[in-house]
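Below: the structure, in structure tokens.
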Amino acid sequence: MLIKALCDYYDILSEEEKVLPDGYSHVKIHFLISLTPEGKIDGILDCQERKGGQTGKGKQKEKRFPRDMIMPQRTEKSGIDPNIADHRPLYIFGLNLTEEGLTPDDRTNKARKSHQAFVEANLSFTEGLDSTVIQAFRNFLQSWKPEEERENPYLFSLKKDYGKSGYAFCLSGNPDLLLHSDLQFKCKWESEYQKQQGKDLPFSQCAITGEEKAIARIHNKIKGVYGGLATGSVLIGFNNPSENSYGNEQSYNSNISEEAMKKYTEALNYLLGSSEHKIMLDEMTVVFWAMNRGEKCEDVLLQAMFGETGNRDQQDAEQTEKMLKKMMVESGELAVSKQRLAATGFIDPNVDFYMLGLKPNSSRLSVKFMFRRKFADVLWNIARFQRDLQMGTDPRLIPLWQIKKELVSPKSSNEKASPALLSQLLKSVLSGDRYPIALLETMVRRVRIDGGEEKINRIRVGVVKAWINRDSEKEELKLALDRENANQAYLCGRLFAVLEKIQQEASSNGLNRTIKDAYFASASVKPAQIFPKLIRLSQNHLKKVKYVVSYNKLMEEIIGNLNGGFPEFLRLADQGRFIVGYYQQFQDLFVKKEKEE
């Protein structure tokens, strides 16, 4: 499904001219080699784009970025393998940069061999072509002698940039007349490229298209995945004999045609290179796309799920936020949500929407999850998720990064949320399924262990409430304090909040450490062991508070609903109910106190 979806998306991108034509590659070019008609270098021109920026100390510093050029397809093979109009300095000049300077000598004689291969391949390719820039290039190939250019002033001026830069050829006095853009050069390349397609490759039925076509032996590399190799990693690869079957080697085992392979790799590289289609969840790279043209589904998802508006128009961002908040209220009516999406005029509710999670491993990319739904279903499920998280009547959109932040200790500088948990959570949100049990376990643990203001906040309690309600398949826990809720754990949480408020008022909020800091974790697990002690302590505190009768009535109301005593032990879900009960009761007492004042 994944490869087929990427191939279909490539066709959409191709119609919009957003992907490379077959036979070409994106190449980062830093410098232009200016050639005279005789093939002599009369300059190395810096073609990088310059943009202003700031250093860590606030000083202005100009940054340079290479130009992205479309050149004949680059090789990805190891060993000596020259490209037509190569961009690599070792092949072009045949010189290594060492501490002593430029030299064609090295231990394996690779520089000389690389340059020789480059000269032979390009002279053969340009045979019979007669444009001005091509003739200058041929003259360069025939006249350049690496051993005589050790002290070439133009190469020396590059210093450390020499070996790590990309190069293209142009004609002296006309930097816009590039070799690889010459019409004769391009026509010859495209003709030669088509002749090579399928040559020496076995033909078989493609597993993606079902047509008889040349099968790809090696798949192109995918770049832009966090933690992956700088040169890219393969999504499909067979490196070990144990992975082979029926005598097939390498990617002949996958039976994917050259055409389909190039389509899916190009589409995935496009997605990974676009900030509008990619987001990071700690060490996992997530890409997403809608199977249509000119739509705004990706922008809406970025705002709804990840809280990012990017370069969107402010009016569009505000319209999206209003739409989501209305969908949160109407989360029980999918049909209404579809009508609302269609009414926007820029979103097709019935378009297929895909999301993919990727992480690299030692040999290839690992697919952590793959998801497909109609976009209306996706956005409706996100609206349900946002509604699940709400605490109070004022709706707020909570992006996933804020939840991720609450899953780790605020005191830790290097702790990260579990990638497995994040991917499970993302799938649950988009599909509308139950949330993973690890989400509740982690959040309850954070509440019990952490101290300070981060211990119990709106987001943590909202996540706990969301898990419980989704698990019980009903709105068991309300947005605010529910006096009708007779759950024993919920009542214990409410009582703890009342006892803490009494202690705070008795000390005029002058305590550095309250019963929450000392007893919350143990009370949320073993109420019967802790609460009798807390109630005895509260009798001393009640003598110092202003509204003794009100607090006594509230305590009697809560204790009266307990089934003859406190529970001996609370399981994980009940510990979550305890947390929600505490938070809602404390917020209710706080609001009452403000009104009284």
Side-chain angles (χ1 to χ4, degrees), residues 27-48 64 66-67 69 71-72 74-75 77-182 184-185 188-189:
V27 184
K28 302 294 184 184
I29 300 298
H30 303 75
F31 298 100
L32 299 180
I33 304 170
S34 177
L35 297 178
T36 66
E38 295 75 28
K40 301 297 182 183
I41 298 177
D42 67 354
I44 300 288
L45 310 179
D46 188 348
C47 65
Q48 298 174 88
R64 299 186 301 171
R67 285 174 61 184
M69 295 188 180
M71 302 182 71
R74 305 291 92 174
T75 180
K77 299 177 183 177
S78 58
I80 296 175
D81 192 14
N83 295 311
I84 301 302
D86 215 309
H87 66 288
R88 296 168 291 183
L90 193 66
Y91 283 85
I92 296 172
F93 304 112
L95 294 167
N96 293 297
L97 180 64
T98 65
E99 294 181 358
E100 290 76 23
L102 295 167
T103 175
D105 302 317
D106 53 47
R107 184 174 58 84
T108 61
N109 212 21
K110 184 177 180 180
R112 294 178 186 273
K113 293 177 181 178
S114 298
H115 178 68
Q116 184 179 355
F118 165 71
V119 170
E120 292 174 357
N122 282 266
L123 279 176
S124 173
F125 175 79
T126 55
E127 184 73 35
L129 305 181
D130 59 1
S131 71
T132 308
V133 67
I134 292 177
Q135 285 303 317
F137 178 58
R138 286 181 60 83
N139 290 335
F140 166 78
L141 295 174
Q142 293 168 337
S143 63
W144 180 267
K145 307 298 180 187
E147 59 275 3
E148 298 176 4
E149 302 291 344
R150 295 171 184 264
E151 298 181 4
N152 186 290
Y154 299 113
L155 299 184
F156 257 110
S157 66
L158 299 176
K159 299 180 181 178
K160 293 183 178 179
D161 289 336
Y162 166 78
K164 60 183 181 182
S165 300
Y167 300 81
F169 290 90
C170 71
L171 194 63
S172 177
N174 194 347
D176 293 330
L177 187 55
L178 299 170
L179 172 68
H180 63 268
S181 298
D182 181 84
Q184 288 189 38
F185 194 93
K188 178 70 176 288
W189 165 251

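Just so it is clear, the structure is predicted and the values come from calculations on it, not from any experiment. Sequence positions, counted from 1, serve as the residue numbers for this chain.
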Nearest-0.5 Å distance, CZ of residue R150 to CZ of residue F156: 10.5 Å
E38 side chain vs N139 backbone, donor-acceptor pair below 3.5 Å: no
message: Pairing donors with acceptors under 3.5 angstrom, does anything connect the side chains of N83 and T75?
response: no
task: Give me the ring orientation class for F169 and F118: parallel if the planes are under 30° apart, tilted from 30 to 60°, perpendicular past 60°.
output: parallel
message: Over 60° means perpendicular and under 30° means parallel, so tell me whether F140 and F137 are parallel, tilted or perpendicular.
response: parallel
- prompt: How would you list all residue pairs meeting side chain to side chain donor-acceptor pair (under 3.5 Å) that involve residues 84-98, not counting sequence neighbours?
  reply: R74-H87, D86-R88, N96-D106, T98-E100
- request: Answer whether the closest heavy-atom distance between the side chains of V133 and N174 falls below 4.5 Å.
  value: no
message: With rounding to the nearest 0.5 angstrom, report the CD1 to OH distance, I33 to Y167.
response: 7.5 Å
message: Pairing donors with acceptors under 3.5 angstrom, does anything connect the side chains of D46 and Q48?
response: yes
task: Without swapping roles, check the side chain of Q135 against the backbone of L129 for a donor-acceptor pair under 3.5 Å.
output: yes
task: Supply the atom-to-atom distance K110 NZ to L90 CG, rounded to the nearest 0.5 angstrom.
output: 6.5 Å
query: D182 and K188: salt bridge (Lys or Arg N to Asp or Glu O under 4.0 Å), yes or no, with the steps?
result: CA-CA 10 Å; D182 181 84; K188 178 70 176 288; over 6 Å; no
- prompt: CD of E127 to CG of N122: how many Å apart, nearest 0.5 Å?
  reply: 12.5 Å
Check: R112 side chain, D105 main-chain N or O, donor-acceptor pair, under 3.5 Å: no
